[in-house]
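Some notes on the structure that comes next.
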There are 2 protein chains.
Amino acid sequence: MHGLDGAPEWPTLQAMLPGLAGKRVLDLGCGFGWFCRWAAGQGAAEVLGVDVSENMLARARAETTRATVHYKRADLERFAPPQPAFDLAYSSLAFHYLTDLAGLLARVSAGLLPGGQLVCSVEHPLMTSPRHQGWTQDESGVPTWPVNGYLDEGPRVTDWLAKGVVKQHRSIATYLELLRRAGLVLTDLREWGPSVEQVAANPEWSNERQRPAFLLLAARKS
Amino acid sequence: MHGLDGAPEWPTLQAMLPGLAGKRVLDLGCGFGWFCRWAAGQGAAEVLGVDVSENMLARARAETTRATVHYKRADLERFAPPQPAFDLAYSSLAFHYLTDLAGLLARVSAGLLPGGQLVCSVEHPLMTSPRHQGWTQDESGVPTWPVNGYLDEGPRVTDWLAKGVVKQHRSIATYLELLRRAGLVLTDLREWGPSVEQVAANPEWSNERQRPAFLLLAARKS
């Protein structure tokens, strides 16, 4: 598995997307450009992928042939869309790294056309909340996810992929408040974990039904 | 402390309420009628409190003098507002006991005037989710709330107040989906735990900042 299909939450996130034919699409934290190329394949008129990593963008450019896809190196903490002309802003698992998400959402909202949409995923607050992440068991031996610090929002340091990665913990209430303040009206919210059918096909995912791993949000510019 | 002021989340829930002067108010699961009498004191034109417990309603009636407050015994699993005439439906910590919340919300929505609002509290899904509720500690000794079963919604048996009380666990995503299906548009969502100031004044509440105890929702009939 690789690309979008390597992300188990992709089918759910995909189902939250509007039709893209003829649309102008922004991908915030585009990485290797998987979503950008998929969106172009869906008939998007223009796709702009933004990422801070020049290495990732180099591979994205190398793997992209469609002329409707462009990439731009920028730090999302400061990035502003070049003009208010996008129908969809998309972001997969990037926002929980940002300290000034309020600022980015305000700039992205300004970059959306009236009725334009934001569809994004973040690590679920149950993932970002605890000071020490990791499974334990309850008194009956059921896999259990220990939660603390939920109401104390702010940085968390984890050792995932690289040592000392800093994520920003925010509650669900705060994510929704940030959308509202940016003039974005929530239209869908899902707490993703594998379905019973997915666990049957991938028994190693069974713990993942004990708590959602991802929070998926859709909102429309009001 | 007693009545509304005995509930630490009341100031937050109160702040989510519209002005009540001249309004028609429905209280779903009114208990001893504390909110009903408070609403009448705010100038509500009519308040109808509904509860399944005749004992609680007897005390509610005995403590109520205002002619604008009425009580009705009914099971919320089947209750329907007598007419589509209410400006506000309120409910404190009742919905998580109901198996057919979708049915109640549909009937309540039908009982709201256009633009009418629902403001309610439920036990936060982090409270209703685990099979065994209770504090543990993480490896640093920090009070920790063990979560499992979050994505497996349905009944949970607890021994709070009485033995064998059955609550219905629903995810946040499901609460929001149930509102949408009832034609109610979310306008506010808060995950309540005590503020830092409240903990300073009530040190015995300090654990309660580790995870929210209540989910507070406001929605408007679309």
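Chain naming here is simple, since letters A, B, ... match the order of the sequence lines and numbering starts at 1 in each.
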(message) With a strict 4.5 Å heavy-atom criterion, list every residue of residues 208-222 of chain A that contacts chain B, or say none.
(response) A:Glu208, A:Arg209, A:Gln210, A:Arg211, A:Pro212
(request) Could you look at B:Pro146 and say if it's the side chain, the backbone, both or neither that has a heavy atom under 4.5 Å from chain A? (result) both
(request) Could you tell me which non-hydrogen atom of B:Glu191 sits nearest to which non-hydrogen atom of A:Ile172, and how far apart they are? (result) OE1-N, 3.0 Å
(message) Tell me which of these, A:Asp138, A:Thr136, A:Asn207, A:Val147, has more heavy-atom pairs under 4.5 Å with chain B than the rest.
(response) A:Val147
(message) Which residues in residues 173-188 of chain B have any heavy atom closer than 4.5 Å to a heavy atom of chain A?
(response) B:Ala173, B:Leu176, B:Arg180, B:Leu186, B:Thr187, B:Asp188
(request) Name all pairs fulfilling the ring-ring contact (aromatic ring centres under 6.0 Å, His included) condition that reach into residues 130-155 of chain A, sequence neighbours left out, sorted by first residue then second. (result) A:Trp135-A:Trp145, A:Tyr150-A:His169
(request) Sort out for me which of A:Leu126, A:Val142, A:Leu189 touches chain B most, counting heavy-atom pairs under 4.5 Å. (result) A:Leu189
(request) For A:Thr144, check side chain to side chain donor-acceptor pair (under 3.5 Å) against everything at least two apart and list the hits. (result) B:Asn148
